[in-house]
Peer 1: 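Here you go, one structure.
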Amino acid sequence: MTTKLWAGRFQKATDRLVEAFTASIQVDQRLARHDIVGSMVHARMLGRQAIIPTEDARSIATGLAEVWSDLDGGRSKFSSELEDVHMNVETLLGAKIGPVAGRLHTARSRNDQVATDIRLYFKEAAQATVSAIRALQSTLLDLAGEHLHTVFPGYTHLQRAQPVVLGHHLLAYFEMLERDAQRFEDAYRRGNALPLGAGALAGVPYPIDREWMATTLGFAALTTNSLDAVSDRDFLIEYEAAAALCIMHLSRFAEEIVLWSSGEFGFIELDDGFATGSSIMPQKKNPDVAELVRGKTGEIYGALLSLLTTMKGLPLAYNRDLQEDKAGFFRASDTLVACLEVFAPMLATMRVRPERARQAAEGGYSLATDLADYLVRQGLPFREAHHCVGALVHYALEQGKTFEQLSLGEFQQFSPLFGVDALDITTERSLEARTVPGGTAPTQVAAQLVSARLTLEHASVMDVPDYLPDRFLPPTDGL
Ligand code: ARG
C-alpha cells in the first residue's frame, strides 16, 4: 500500500470504500499539466525567495517537467490510491528526485493549488470556446454575404409572417454569438487571477512572491482575499452560465436546421457528410448533427444547475464538496466546443434551395402588411388599414386566390384608396422598403454585414500562454 502524504496522524488505513469514494483522480487527471506548471512556478519562487535552497528548487522544477514527459509519453501513470492529481504528481516527483520533493508543498495547500489548477484550465477552455465561436461567426458572415438577396420566409408563431432575406436571418445568429463571445471574455477577465498564497484558507507565513508567480503563469491579477480565493468557483459558474446561453442559441439554430431540411420546408439540403441514414428506411437522410446539438443542451444546463447547487450551502472556506466542480465543467466545455466546431462546417456545406424558400416566403399572404402600409401612405389610419386588408385576405382565401390573382376592382371593393400601383407591391419591393437600421432591406443587410466583419476583425484576442511544462523550466543561470 502506498503511504498517503497526509497519513501522519492516522493509525489505521483508509477504508477501501472511502478511498474509492473520495478519489478524484479519474476526473482531475486532466489537470496534470496545469498542476505541474503551477508547481514548477511555485517551486522556483520558493527558491528565488530563499524559502528553500536554490538547488532543491531547481531539481523540483526540472523533476516536475520530467514527470510530465513521463506521463505524456505513457511511461508512468496515476494510481487511485493516491486520491487526486496533486498527490499523484507529488508522489511521482518523489520517486524521481527523492526526499527533496518534500519541500515542494512549503507555503502551499492543496486548496490554493487546486484553485490555481482549475483556473489555468478554465483560461484555456474559455479561449478554446471563444475561438470556436469566432470561427462559427466567420462562417455565418460568408454565408450571409452569399445570401444578401435570397428571399426567405420570416416567421412569427411559426406562421409565415413577412419575407426577409436569408442573409438577415443568418446575421441574427451572428449577433447572438457575439453576445456569447463577450460573456465568455468577461468571465475570463474575472477568473484571470492567481489564488496561490491563500494557503489552506488564511494565507501563508512565508515571504512568498505572489506577483512574480502571477506574471510568470500569465495571470492578470492576484486574488485579494484568501478565504474567498480557496472557495470561489464563480468563474466556472459564469462560464457555465455563458455556455448555457450559447448552447440555447445553437439549439434554436439546430431546430431551424431540422425544420428547414424536412420535406415540408425543404429550404436546405444538408451535405451527405453532415447527415446520417436510417438502419431500416433506405430513403432517409437525417439531420442528426443538428438534433444532437439540440439534445446536448440538457447536459450543459445540467452542469450549471449542478455547480450552483453544490455551492449554495457551503460555509467558508474550502469544503470537499468543491471537488465536484470539475466533472461538470469539463463536460460542459468539451460539449460546447464540440457543438460549435461541428456546426460551422455543417452550415458551410449545406445547399440552400432558394426556389423553395421563395415559394414559402411568397405564400400565406405575407405581403398583407405591405398592403396595409400602402393604405396608410394614402392617409388611412393604420388600424383601419389593417382591418381593410384583413377583410381582403378573408375574401382571397374564400376565392382560393393569391393577392396577385385579384383584380384592381376586387381590391377596390375593400378600399377605394387602392390604386393600380397597389398591384406593384412585390416581395422585392417589400424587402427593399425595410431600410430601417437593423431591417431586412438588402442594402441594410449589406451594411450590417460590413459592421459585423469589423466587429470580428477587432475582436480582442485572449492571451492565454501555452501551459506546457518545458516553457516553465528555470533559466540556466538562475530560477
Ligand atoms: N481533490 C481536491 C479537490 O478537487 C483537492 C483539494 C483537496 N483539499 C483538501 N483539503 N482535501 O477539491
Side-chain angles (χ1 to χ4, degrees), residues 2-10 13-15 17-39 42 64 67 71 77-94 101-102 104-125 191 193-204 223 225-237 239-240 303 306-333 467:
T2 339
T3 313
K4 295 198 162 43
L5 296 170
W6 43 252
R9 64 100 71 214
F10 288 79
T14 316
D15 189 281
L17 276 174
V18 172
E19 204 163 71
F21 187 70
T22 55
S24 58
I25 186 65
Q26 292 315 328
V27 172
D28 62 23
Q29 54 183 295
R30 269 218 208 192
L31 297 177
R33 183 166 46 81
H34 311 84
D35 193 70
I36 285 170
V37 162
S39 288
H42 178 71
L64 281 166
V67 167
L71 285 166
K77 57 181 181 16
F78 292 134
S79 143
S80 63
E81 281 173 26
L82 290 170
E83 199 173 314
D84 59 22
V85 66
H86 325 294
M87 307 287 222
N88 267 280
V89 167
E90 198 177 318
T91 305
L92 289 172
L93 179 68
L104 168 61
H105 214 50
T106 314
R108 189 179 73 169
S109 151
R110 269 188 297 162
N111 299 348
D112 56 350
Q113 185 181 355
V114 71
T116 301
D117 295 358
I118 191 71
R119 281 185 194 245
L120 292 173
Y121 187 94
F122 155 82
K123 288 174 50 161
E124 288 180 344
L194 173 73
L196 279 180
L201 73 163
V204 294
T223 57
N225 179 302
S226 61
L227 293 161
D228 180 41
V230 293
S231 65
D232 170 25
R233 296 293 184 274
D234 290 5
F235 51 99
L236 298 183
I237 297 176
Y239 176 98
E240 288 171 357
S306 154
L307 186 52
L308 281 170
T309 311
T310 295
M311 297 297 294
K312 81 172 267 294
L314 295 189
L316 286 177
Y318 178 85
N319 301 270
R320 192 63 179 266
D321 315 45
L322 290 169
Q323 182 167 291
E324 297 300 308
D325 60 351
K326 293 170 206 67
F329 182 72
F330 293 158
R331 266 204 317 273
S333 50
Y467 290 116

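Counting starts at 1 for both ligands and their atoms, following the listed order.
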Peer 1: Among Val85, Val67, Leu31, whose side chain to side chain contact (heavy atoms under 4.5 Å, CB included) with Ile36 holds?
Peer 2: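 Exactly one option meets the side chain to side chain contact (heavy atoms under 4.5 Å, CB included) with Ile36, and it is Val67.
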
Peer 1: Evaluate His42 against Gln113 for side-chain hydrogen bond (donor to acceptor under 3.5 Å, both in side chains), listing each step before the verdict.
Peer 2: CA-CA 10 Å; His42 178 71; Gln113 185 181 355; over 6 Å; no

Peer 1: Thinking salt bridges, do Arg33 and Glu124 make one under a 4.0 Å N-O criterion?
Peer 2: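 Looking at Arg33 and Glu124, the cut-off is met.
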
Peer 1: Output, or 'none' if empty, a list of ligand 1-protein atom pairs in which both atoms are N or O and the distance is under 3.5 Å, rounded to 0.1 Å.
Peer 2:
from, atom 1, to, atom 2, distance (Å)
ligand 1, 1 (N), Ser24, OG, 3.4
ligand 1, 1 (N), Asp84, OD2, 3.2
ligand 1, 1 (N), Gln323, OE1, 2.8
ligand 1, 4 (O), Lys326, NZ, 2.5
ligand 1, 8 (N), Asn111, OD1, 3.0
ligand 1, 10 (N), Asn111, OD1, 3.1
ligand 1, 12 (O), Tyr318, OH, 2.4

Peer 1: Can you see whether Phe330 has Arg30 sitting over its ring - NZ or CZ less than 6.0 Å from the centre and within 45° of the normal?
Peer 2: yes

Peer 1: What class does the angle between the rings of Tyr121 and Phe329 fall in, given that below 30° is parallel, 30 to 60° is tilted and above 60° is perpendicular?
Peer 2: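 Answer is perpendicular, since the angle exceeds 60°.
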
Peer 1: Show me the pairs that pass salt bridge (charged side-chain N to carboxylate O under 4.0 Å, His left out) and involve residues 114-123, at least two apart or across chains.
Peer 2: Arg119-Asp232

